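Comments concern the structure below.
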Amino acid sequence: MKIRVRFAPSPTGHLHIGGLRTALFNYLFAKKEKGAFILRIEDTDEERSTQESVNAIYDGMIWAGLNWDEGPMPDGSIKGDYAPYYQAARSDAGIYQKYIDQLLAEGKAYKCYCTPKELEDMRAQAIAEKRPPRYDGRCSRLTLEQQKELEAQGRRPVIRFKMPKEGETVFNDLIRGEVRFANKDLYDLVIQKTGGYPTYNFAAVIDDHLMEMSHIIRGDDHISNTPMQIRIYEALGWKHPIMAHLSMIHGPDGTKLSKRHGDTSVIEYKKQGYLPQALINYLALLGWSTPDSQQIFAPGELEEKFDIRGCQKSPAVFDPVKLLWMNGDYMRRMTIDELYAAAKPFIDETGVAQGVDEEYLKKIILLEQEKYKTLKEIPELISFFFTDKVVFDEAAIEKVFKAETASLALKSVIAKYEALADFTEFPIEAATKEAAKENGLKNGQVFHPVRVAVSGRTNGPTLFKMLEYMGKDMVLKRLEAALELCSK
RNA sequence: GUCUCGUUCGUCUAGCGGUUUAGGACGCCGCCCUCUCAAGGCGGAGAUCACGGGUUCAAAUCCCGUACGAGACGCCA
């Protein structure tokens with residue numbers, strides 16, 4: 001059997017973390033099984049679907065590196081032999097209508113004339129009477145005359161699928177094993193809306209079959225749809241794909257991850273300076289693991305090691321702190337060229353290093369590589385190299401410059417540095433230590449004021465390299481200026 | 001309310017009947033390294049495996065209940 005899986009988002013907003021994870025598991029499964037990963041756009045919600053959202057989904061997927069083998073492409077072209085990949089276009093092509101007509105003709109579906117208001121009242125009443133709020137199938141008993149009468153009144157019907165009411169529907173879920181539903185708990189769901197578009201439960205079945213999906217990997221919020229979809233497959237005489245329901249991602253409060261939890265758009269993570277590889281690695285580990293609990297995966301390793309049997313049945317809480325750690329870990333593993341390329345847009349955005357020589361900027365970035373957790377914090381950490389004046393941290397002044405010996409330390413260091421012909425790391429270090437020794441100061445009593453004087457803060461890169469990169473002129477200027485801030 | 005699914009350190013997880021004093025990771029704490037901050041190294045605290053019954057010589061692991069949690073119940077997907 002050819003392995004074919006899909007990610008089928010509805011374009012009603014940005015691609016979010018939950019959606020990305022579903023896409024990722026499908027992608028990894030396809031890669032691992034040497035199958036095809038298909039993108040299908042489920043835009044049958046006429047009110048909410050937008051092309052803008054489709055573009056946002058493309059952006060998110062491409063940034064995350066989840067390239068699809070089939071589907072619509074951002075440049076407007078189409079890849080794959082099962083086009084169209086937009087459901088609205090498929091609907092316009094009459095693809096769904098054909099099967100609607102077939103089910104109608106076979107008596108497996110019927111017209112329902114209930115208005116949204118009537119349905120809402122029915123639900124409200126059912127809840128009040130503590131009954132399940134489901135459609136009771138009343139329109140299935142309408143005679144032809146009654147239907148004509150309602151149409152004469154100007155009512156437009158929806159089409160509902162006639163669910164079996166007895167027996168049970170059982171399917172074998174790849175992740176959960178056997179799942180059984182009593183058919184009495186199913187209900188006659190709408191398969192075609194008044195406007196002529198199919199509903200999700202119907203369109204997904206038709207397309208998954210027509211596009212020859214071998215497996216359906218989706219969130220377990222779809223589990224209760226599954227028996228009804230299976231009944232539609234059967235009514236059409238089709239075999240259903242293998243089902244696999246992923247556990248949900250939860251927020252810290254234990255409910256399904258939503259916007260207020262940080263289920264923010266994938267692009268927002270990009271803006272916040274996360275690396276796509278790190279986000280993907282983190283997401284892969286939410287609800288999935290290898291037998292040895294491996295944490296960090298080299299490029300291509302996830303694709304190789306993914307095994308759907310490692311999927312967790314229970315939901316996972318999204319932990320931004322671990323994501324942050326992982327992002328930092330990925331940043332530490334980057335070569336300077338990689339890091340520079342990734343950081344450049346963030347640096348340019350702030351304008352802190354405008355016109356700075358590339359090789360020089362790389363050296364500066366490298367100085368604090370082990371400190372970065374996101375790309376976004378790089379400009380702030382390196383900006384003191386490029387500003388005219390040092391921006392001092394108040395606490396640093398208080399702690400370091402107010403020391404009795406600060407002024408003495410700076411003065412002696414200035415004298416030493418002025419005399420230095422070779423202003424590079426090791427001579428600077430020797431000169432600084434000499435200054436300390438000659439004045440009976442501990443190294444720290446000199447190092448710390450110098451550090452604050454040139455950088456404005458107490459925590460920064462290794463001192464002497466920093467001074468070397470900064471250059472003699474700037475260092476001396478800053479040391480002089482700092483003298484003003486010291487208590488005598 | 002009904003149905004479905006789930007339940008191992010705070011969090012992500014390993015574990016698929018004996019090798020378990022329940023392993024790893026994040027976070028937390030301590031020590032080392034050290035010019036600061038990080039990073040790194042080492043160590044520590046942290047889980048009566050939700051609870052109660054069974055099955056078995058033996059259960060975190062199998063079965064049944066209970067509790068709790070989540071999801072679904074749309075002319076949304």
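Fair warning: this is a prediction, and the values are worked out from it, not measured in the lab. Letters A, B, ... are given to chains in the order of the sequence lines, protein chains preceding strands, and every chain is numbered from 1.
- Comparing the P positions of B:A58 and B:G1 gives a spacing of 40 Å, expressed to the nearest Å.
- With both ends at atom P, the span from B:C37 to B:G30 equals 13 Å, rounded to whole Å.
- Distance noted for atom P between B:G44 and B:C26: 15 Å (whole Å).
- With sequence neighbours excluded, no residue forms a side chain to side chain donor-acceptor pair (under 3.5 Å) with A:Asp92.
- With ring centers used as reference points, A:Tyr27 lies 6.0 Å or more from A:Trp68.
- Remark: the separation of the C1' atoms in B:C73 and B:G17 is 40 Å, to the nearest Å.
- A gap of 12 Å separates the C1' atoms of B:G24 and B:G15, to the nearest Å.
- Figure legend. B:A47 is base-paired to no nucleotide; pairs are counted as Watson-Crick or G-U wobble with both atom distances under 3.5 Å.
- Every residue two or more places apart in sequence or in another chain that forms a side chain to side chain contact (heavy atoms under 4.5 Å, CB included) with A:Gln312 is listed here: A:Ser314.
- The gap from the P atom of B:U66 to that of B:C5 amounts to 15 Å, rounded to the nearest Å.
- Here B:C31 sits opposite B:G41 as a Watson-Crick or G-U wobble pair (both hydrogen-bonding atom distances under 3.5 Å).
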(message) Counting primed atoms plus P, OP1 and OP2 as sugar-phosphate and everything else as base, spell out the protein contacts along nucleotides 24-45 of chain B at 4.0 Å heavy-atom distance: B, S or - for each nucleotide, 5' to 3'.
(response) BBSS-------BBBBSS-----
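- Straight-line distance from the NZ atom of A:Lys305 to the P atom of B:A14: 15 Å, rounded to whole Å.
- Residues passing the ring pair (Phe, Tyr, Trp, His ring centres under 6.0 Å) test with A:Phe7: none are found, sequence neighbours excluded.
- Closest to the side chain of A:Val179, from the set B:C5, B:G15, B:G6, is B:C5.
- Pairing of B:G52, defined by two Watson-Crick or G-U wobble distances under 3.5 Å, is identified with B:C64.
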(request) Going 5' to 3' through nucleotides 71-77 of chain B, assign each nucleotide B (protein heavy atom under 4.0 Å from a base atom), S (under 4.0 Å only from sugar-phosphate atoms) or - (no protein heavy atom that close). (result) SSBSBBB
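- For the C1' atoms, the distance from B:C57 to B:G52 is 23 Å, rounded to whole Å.
- In summary, A:Asp43 and A:Arg48 do not engage in a salt bridge, as defined by a charged side-chain N under 4.0 Å from a carboxylate O.
- Applying the ring pair (Phe, Tyr, Trp, His ring centres under 6.0 Å) test to A:Tyr99 and every residue at least two apart in sequence or in another chain returns A:Trp238.
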Using atom types as modelled, flag every donor-acceptor pair under 3.5 Å from a side chain in residues 463-472 of chain A to any protein atom, sequence neighbours excluded.
{"residue": "A:Glu468", "atom": "OE1", "partner": "A:Glu425", "partner atom": "N", "Å": "2.8"}
{"residue": "A:Lys472", "atom": "NZ", "partner": "A:Tyr417", "partner atom": "O", "Å": "3.4"}
{"residue": "A:Lys472", "atom": "NZ", "partner": "A:Glu418", "partner atom": "O", "Å": "3.1"}
{"residue": "A:Lys472", "atom": "NZ", "partner": "A:Leu420", "partner atom": "O", "Å": "2.5"}

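- Rounded to an integer number of Å, the gap from A:Phe297 CZ to B:C12 C1' is 12 Å.
- The salt bridge (charged side-chain N to carboxylate O under 4.0 Å, His left out) contacts involving residues 322-331 of chain A comprise A:Asp329-A:Arg332, A:Asp329-A:Arg333, where partners must be two or more places apart or lie in separate chains.
- Taking a pair to require two hydrogen-bonding distances under 3.5 Å in either a Watson-Crick or a G-U wobble arrangement, B:C57 pairs with B:G18.
- Base pairing of B:U4 is made with B:A70, judged by Watson-Crick or G-U wobble geometry with both donor-acceptor distances under 3.5 Å.
- Applying the side chain to side chain donor-acceptor pair (under 3.5 Å) test to pairs two or more places apart or on separate chains, those with a residue in residues 162-171 of chain A are A:Lys165-A:Asp188, A:Glu168-A:Arg180, A:Thr169-A:Asn183, A:Thr169-A:Arg231.
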